[in-house]
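Here is the naming used below: chain letters follow the sequence lines, and residue numbers restart at 1 for every chain.
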There are 2 protein chains.
Amino acid sequence: MQHVFLTHLKERRLKLTPQRRLILDVFLGLRRHVSAEELYALIQKKDPSIGQATVFRSMKLLVEAGVAQSSGLGGRSICYEPNRKHHDHLICTRCGAIREFRSESIEREQEKIAIAHGFALSAHRMELFGLCNVCPKGSRS
Amino acid sequence: MQHVFLTHLKERRLKLTPQRRLILDVFLGLRRHVSAEELYALIQKKDPSIGQATVFRSMKLLVEAGVAQSSGLGGRSICYEPNRKHHDHLICTRCGAIREFRSESIEREQEKIAIAHGFALSAHRMELFGLCNVCPKGSRS
DNA sequence: ATCCTAATTGATAATGATTATCAACCGATG
DNA sequence: CATCGGTTGATAATCATTATCAATTAGGAT
């Protein structure tokens, strides 16, 4: 996984700095979605000298390298997650819980739709919103 | 359609001001996605005395009333569109063209997935990205 | 029609997330 | 190990959006 990042750096004559290595490691060590800000806080614990501009820049770089992908989740701020196998999200509108899923049949259907409209599909995003099974159904907010 | 908005106002003891009426009319007159900023520019042409804070506030209100819905499109800024029948989007990654579609079979599948995960679905967002049929396929960027 | 009160407005300041700037620094290549 | 171009951290700038607040006004009651 880190190999992908190193290759990307070399291809573009970019440099592997200790900051980037740390950010990459911490990010890949997580198993959840993080915002740049959350990640910055985690990074700070390991090396307080790293600035948050560097974290923002590095996350952009990780996305370009294909190591991370930015999911439009997380309200106003961009959230990132390691770019594993493609998947979509189920999001609880009350507690914010996120479940991942993947549906081959939906993806086949998406492909059909794209073709019908003359599009050559390259990616998609799908998010389902609702109440999860631990959140009460009756009361409001 | 405007009826929905008027009802919403009354229910909450909110007031129908000339500003809100104008914003509602201009917004519903459009057949495309608009950002609050674009809408503000259009509103300005009809009544330059309206401030953009009012446009932001009104769009929020229109969403609450169910007259408008905010689509996560439009890069950094929130985009709005009249809340017609539900639909999803096909977006050209090169020229930005947006096509709307709706798939009953995908929605049935989404419902199945939600149930399997113990979720009670209330909404979803789906965006397909690719190249449209007028954009060249070969060259890059 | 007139009052009253709470909602609304416009201008502006404030916020939050992200990006640009820039001098000092440093990784990679030869 | 010198050079050069990429990188860093601090900070200012930007962009979209929200909060503040005095002045205004819609809408129900009188």
Nearest whole angstrom, please: distance from the [atom2] of [N] to the [atom1] of [X].
| X | N | atom1 | atom2 | answer |
| --- | --- | --- | --- | --- |
| B/Arg76 | C/dA20 | CZ | C1' | 14 Å |
| A/Ile23 | D/dG9 | CD1 | C1' | 12 Å |
| A/Glu38 | C/dT18 | CD | C1' | 16 Å |
| A/His8 | D/dG6 | NE2 | C1' | 13 Å |
| A/Gln44 | D/dG9 | CD | C1' | 11 Å |
| A/Lys60 | D/dT7 | NZ | P | 14 Å |
| B/Met59 | D/dA16 | CE | C1' | 15 Å |
| B/Glu37 | D/dT18 | CD | C1' | 15 Å |

*Mind checking B/Lys10 for me? I need base, sugar-phosphate or nothing, with any heavy atom below 4.0 Å counting as a touch.*
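Here B/Lys10 touches no strand at all.
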
*side chain to side chain contact (heavy atoms under 4.5 Å, CB included) between B/Val34 and B/Arg32, intermediate numbers included*: CA-CA 6 Å; B/Val34 273; B/Arg32 56 189 181 82; 3.8 Å; yes

*Counting only heavy atoms not in A/Arg84, do more than 12 fall under 6.0 Å of its CZ?*
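Result for CZ/A/Arg84: enclosed.
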
*Test side chain to side chain donor-acceptor pair (under 3.5 Å) applied to A/Gln69 - qualifying residues, sequence neighbours left out*: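 With neighbours one apart ignored, the set is A/Asn83.
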
*asked:* Please enumerate all residues that pass side chain to side chain donor-acceptor pair (under 3.5 Å) together with B/Glu111, with sequence neighbours excluded.
replied: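 B/Glu111: no side chain to side chain donor-acceptor pair (under 3.5 Å) contacts found.
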
Atom pairs and distances, side-chain donor-acceptor, residues 10-26 of chain A, under 3.5 Å, sequence neighbours left out:
{"unit_1": "A/Thr17", "atom_1": "OG1", "unit_2": "A/Arg20", "atom_2": "N", "d": "3.2"}
{"unit_1": "A/Arg20", "atom_1": "NH1", "unit_2": "A/Lys15", "atom_2": "O", "d": "2.8"}
{"unit_1": "A/Asp25", "atom_1": "OD1", "unit_2": "A/Gln2", "atom_2": "NE2", "d": "3.3"}

_Sole residue of B/Glu81, B/Arg99, B/Arg102 in side chain to side chain donor-acceptor pair (under 3.5 Å) with B/His87_ =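 Result: among B/Glu81, B/Arg99, B/Arg102, B/Glu81 is the only option passing the side chain to side chain donor-acceptor pair (under 3.5 Å) with B/His87.
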
*Kindly write out the residues that satisfy ring-ring contact (aromatic ring centres under 6.0 Å, His included) with A/His117, not counting sequence neighbours, or none if the list is empty.*
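Not a single residue meets the ring-ring contact (aromatic ring centres under 6.0 Å, His included) criterion with A/His117.
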
*In degrees, rounded to 10°, what is the bend between the two ends of the helix from C/dA1-D/dT30 to C/dG30-D/dC1, using five pairs at each?*
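Inter-axis angle at the termini of the helix from C/dA1-D/dT30 to C/dG30-D/dC1: 40°.
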
*Which listed nucleotide (D/dA16, C/dA17, C/dT19) is nearest to the side chain of B/Phe56?*
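Side chain of B/Phe56 sits closest to D/dA16.
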
*Assess the side chains of B/His89 and B/Glu127: does a donor N or O sit below 3.5 Å from an acceptor N or O?*
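Note: B/His89 and B/Glu127 side chains miss the donor-acceptor criterion.
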
Quick one: which protein N/O atoms are closer than 3.5 Å to N/O atoms of nucleotides 8-11 of chain C? Pair and distance per line, please.
{"unit_1": "C/dT8", "atom_1": "OP1", "unit_2": "B/Lys15", "atom_2": "N", "d": "2.9"}
{"unit_1": "C/dT8", "atom_1": "OP1", "unit_2": "B/Arg20", "atom_2": "NH1", "d": "2.3"}
{"unit_1": "C/dT8", "atom_1": "OP1", "unit_2": "B/Arg20", "atom_2": "NH2", "d": "3.1"}
{"unit_1": "C/dT8", "atom_1": "O5'", "unit_2": "B/Arg20", "atom_2": "NH2", "d": "3.4"}
{"unit_1": "C/dT9", "atom_1": "OP1", "unit_2": "B/Thr17", "atom_2": "OG1", "d": "2.6"}
{"unit_1": "C/dT9", "atom_1": "O3'", "unit_2": "B/Gln19", "atom_2": "NE2", "d": "3.0"}
{"unit_1": "C/dG10", "atom_1": "OP1", "unit_2": "B/Gln19", "atom_2": "NE2", "d": "3.4"}
{"unit_1": "C/dG10", "atom_1": "OP1", "unit_2": "B/Ser49", "atom_2": "O", "d": "3.1"}
{"unit_1": "C/dG10", "atom_1": "OP2", "unit_2": "B/Gly51", "atom_2": "N", "d": "3.3"}
{"unit_1": "C/dG10", "atom_1": "OP2", "unit_2": "B/Thr54", "atom_2": "OG1", "d": "2.2"}
{"unit_1": "C/dG10", "atom_1": "N7", "unit_2": "B/Arg57", "atom_2": "NH2", "d": "2.7"}
{"unit_1": "C/dG10", "atom_1": "O6", "unit_2": "B/Arg57", "atom_2": "NH1", "d": "3.3"}

*Are any non-hydrogen side-chain atoms of B/Tyr40 and B/Thr54 less than 4.5 angstrom apart?*
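SC-SC contact between B/Tyr40 and B/Thr54 ruled out.
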
